[in-house]
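Here is the structure we will look at, set down as structure tokens.
Here the structure is a predicted model, which is why all the values come from computation and not from measurement. Letters A, B, ... mirror the listed sequences (proteins, then strands); counts begin at 1.
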Amino acid sequence: MTTIFGINLFALFGQLLVGLINGSFYALLSLGLAIIFGLLKIINFAQGALYMLGAFCALLALKYLGINYWYALILVPIAVGIVGILMERFLIRPIANEDHLYSLLLTFGLALIIQGAFTHAFGSSGLSYSIPEELKGGIRLPFMYLPNYRAWIIVASIITCVGTWWMIEKTRLGAYLRAGTENPKLMQAFGINVPLLVTLTFGFGVALAGFAGVMAAPVYSVSPDMGSNILIVVFAIVVIGGMGSIGGAIITGLGMGIIEGLTKYFYPEASNTIIFLVMVVVLLLKPAGLFGKEA
Amino acid sequence: MNNLKLNILLLIIAVIAPAVFYPVFLAKILCFALFACAFNLLLGYAGLLSFGHAAFLGTGGYVTGYLMINTGLSPEIAIILGMVAGGILGAIFGKLAVKREGIYFAMVTLALAQLVFFFYLQAPFTNGEDGLQGVPRGAIFGLIDLSNNYTMYYFVLAIFILGYWIINRTVHSPFGQVLKAIRENEDRAISLGYEVNRYKWVAFIISAALASLAGSTKALVFNLASLTDVHWHMSGEVILMTLVGGVGTILGPILGAGIVVSMQNYLSGGELGNYIHIIMGFVFVVCVLSFRSGIVGQLLKFKRNNF
């Protein structure tokens, strides 16, 4: 019995799994965007490019330095985070007092530069990164075949998301971060080094994108435009969820991935537009977003 | 030099320019100049950053291209219908986008434009990746044949002047003043009793319709309507043109369009063609960091300070 009510369960669960995987990446990327937005009030358009950078770093590190997947999973986010810190310190901070739309345009320009550089160096066709030895193979479940690496993506990204949520909501550092979101000037008056906090926050948000990039390298083909395609979807998800809460960003990301997976099964023609359509519906019914706070 | 004199001078330059430059290249600049002016109406005068204007450029192109290929309509009707289609799309976009502000507005328009991109990618009448090729230029009113590049150029110039005039009128009308008030201080505009969202919406529709007019015209000039015009890169390009020339100035977007189009034409021929996106990104970063008022904006500042 693999069909119930005319639904092919194998195919349905397969698409649901793909949806969950996509959702994991959406969650990681929108989490990074939400953290950065909370403190800096800017949207980092380069988040997609840095995700792509993460994937390429993992690939190149393996090829030229022999750094395997597990080390890359730690080292690459640090490297990408440093790129982010340099970006924030030397490019974004000088215009922090201008209209925030300028920082959006600045990060857009940076995204063009990074993506253009990689297109120039590697062409626009995709490269592949092999799944680490330890996670090859899979488990046969009653209704589906679950490859180990895919299970790992879901588990690892949920752990990362929950860990980040815990750090922000439950630790002292997180309390500083939340206070900074509310009122940075007052916090500065209490003697906390706000500019440093801003830089580190930006670095961390960007590192999440790098981490997502390393995770994505073995499942998606590594290509220079992998970042820009996913980023626009993530923007729609951010509009759907609203950036008011960290938990909201995570839940919306995973949820939209699942909806996308279901659409791929029931009405494949709409699978790459469904999230935008959901955004339209949300804008009509609840303009501030599902978890949005502002009016 | 006052504005009237400057406009007349520019008109004279535009009329004699085909004697020096290739008319199709000039027509391309004019199409993008109109596109950038339409975009600037939103960003420069209402303070709304649309990241989805490619959708309107592309819609104008596809509608006009489709009508020219499949029906016997004359080009002016096909262009008007392309503009109407873009205006309707703009009304839908605008209605949704004005519900959010600032950065969210940019993200909503970008996402909606991506929706439109996927629609054109999959729709049967657009020929997907190939686009609509061999769009005939036809003859205006059935009389003046546009297949001659010089005739085409002057037709595009006439359309550009019409669009430019509409934008000028809008900016200097009481409606335009309210837009500026909203840009400067939205809360105060609300407290003065203006229905802010309605003003933004109307501005969005005008801007979208004029962007589609540019797209419709462009489809005739190049005999082509393709996905390039709907891609988010195009939305980025129009922002760059406006930024380089000067946000919120009347002439800035025209100058910016001229510079960016010339730059692309020059680069794509040479060995730097591969670096085109890197260079564009670099120009973006430099403009935002140290040149936010653009070329025309800087000139105006210089004039104010020294004369």
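Using a 4.5 Å cut-off between heavy atoms, A:L283 touches chain B through backbone and side chain atoms alike. With a 4.5 angstrom heavy-atom cutoff, A:V238 touches chain B via backbone and side-chain atoms both. Heavy-atom distances place both the backbone and the side chain of A:H100 under 4.5 Å from chain B. With a 4.5 angstrom heavy-atom cutoff, A:L91 touches chain B via backbone and side-chain atoms both. Proximity to chain A is limited to the side chain of B:I239, based on heavy atoms less than 4.5 angstrom apart.
Classification of the A:F108-B:F284 ring pair by plane angle, with boundaries at 30° and 60°, yields perpendicular. Taking the six-membered ring for Trp and thresholds of 30 and 60 degrees, A:F37 and B:Y104 have ring planes more than 60 degrees apart, a perpendicular arrangement.
Other residues, nucleotides and ligands contribute over 12 non-hydrogen atoms within 6.0 Å of the CZ atom of B:F118. Atom CG of B:N305 is surrounded by more than 12 heavy atoms from other residues, nucleotides or ligands within 6.0 Å. More than 12 heavy atoms of other residues, nucleotides or ligands sit less than 6.0 Å from atom CZ of A:F122. Heavy-atom contacts from other residues, nucleotides or ligands closer than 6.0 Å to CZ of B:F291 number more than 12. Atom OH of A:Y220 has more than 12 neighbouring heavy atoms from other residues, nucleotides or ligands inside a 6.0 Å radius. No more than 12 heavy atoms of other residues, nucleotides or ligands shown are found within 6.0 angstrom of OH on B:Y266.
If you look at A:F235 and B:F51, their ring centroids are not closer than 6.0 Å.
Within the model, atoms CG of A:D99 and CZ of B:R183 stand 11.0 Å from one another, a figure rounded to the nearest 0.5 Å. Taken from CD1 in B:I278 to OG1 in A:T119, the straight-line distance is 8.0 Å, to the nearest 0.5 Å. Atom CG of residue A:N272 and atom CZ of residue B:F119 lie 13.0 Å apart, to the nearest 0.5 angstrom. The CG atom of B:L121 lies 10.5 Å from the OG1 atom of A:T273; values are rounded to the nearest 0.5 Å. The CZ atom of B:R292 sits 12.5 Å away from the CG atom of A:L101 when rounded to the nearest 0.5 Å. One finds the CD atom of B:Q114 at 10.0 Å from the CG atom of A:L231 (value rounded to the nearest 0.5 Å).
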Pair A:L112-B:H233, side chain to side chain contact (heavy atoms under 4.5 Å, CB included): steps then yes or no: CA-CA 9 Å; A:L112 282 182; B:H233 263 288; 3.4 Å; yes

For side chain to side chain contact (heavy atoms under 4.5 Å, CB included), just list the numbers for A:K41 and B:I103, CA-CA rounded to whole Å, side-chain angles, deciding distance to a tenth of an Å, and then say yes or no. CA-CA 9 Å; A:K41 299 290 175 259; B:I103 276 168; over 6 Å; no

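Counting only heavy atoms from C-beta outward, the side chains of A:Y102 and B:L243 approach each other to under 4.5 Å. Put simply, the side chain of A:I113 does not reach to within 4.5 Å of the side chain of B:H277, judged on heavy atoms.
With chain B as partner, the option from A:T107, A:I95, A:V280, A:L105 having the largest number of non-hydrogen pairs under 4.5 angstrom is A:L105.
Nearest heavy-atom pair, A:G289 versus B:R100, reported as atom, atom and distance to 0.1 Å: N-NH1, 4.0 Å. Listed here is the closest heavy atom pair of A:V239 and B:M107: CG2-CB, 3.9 Å.
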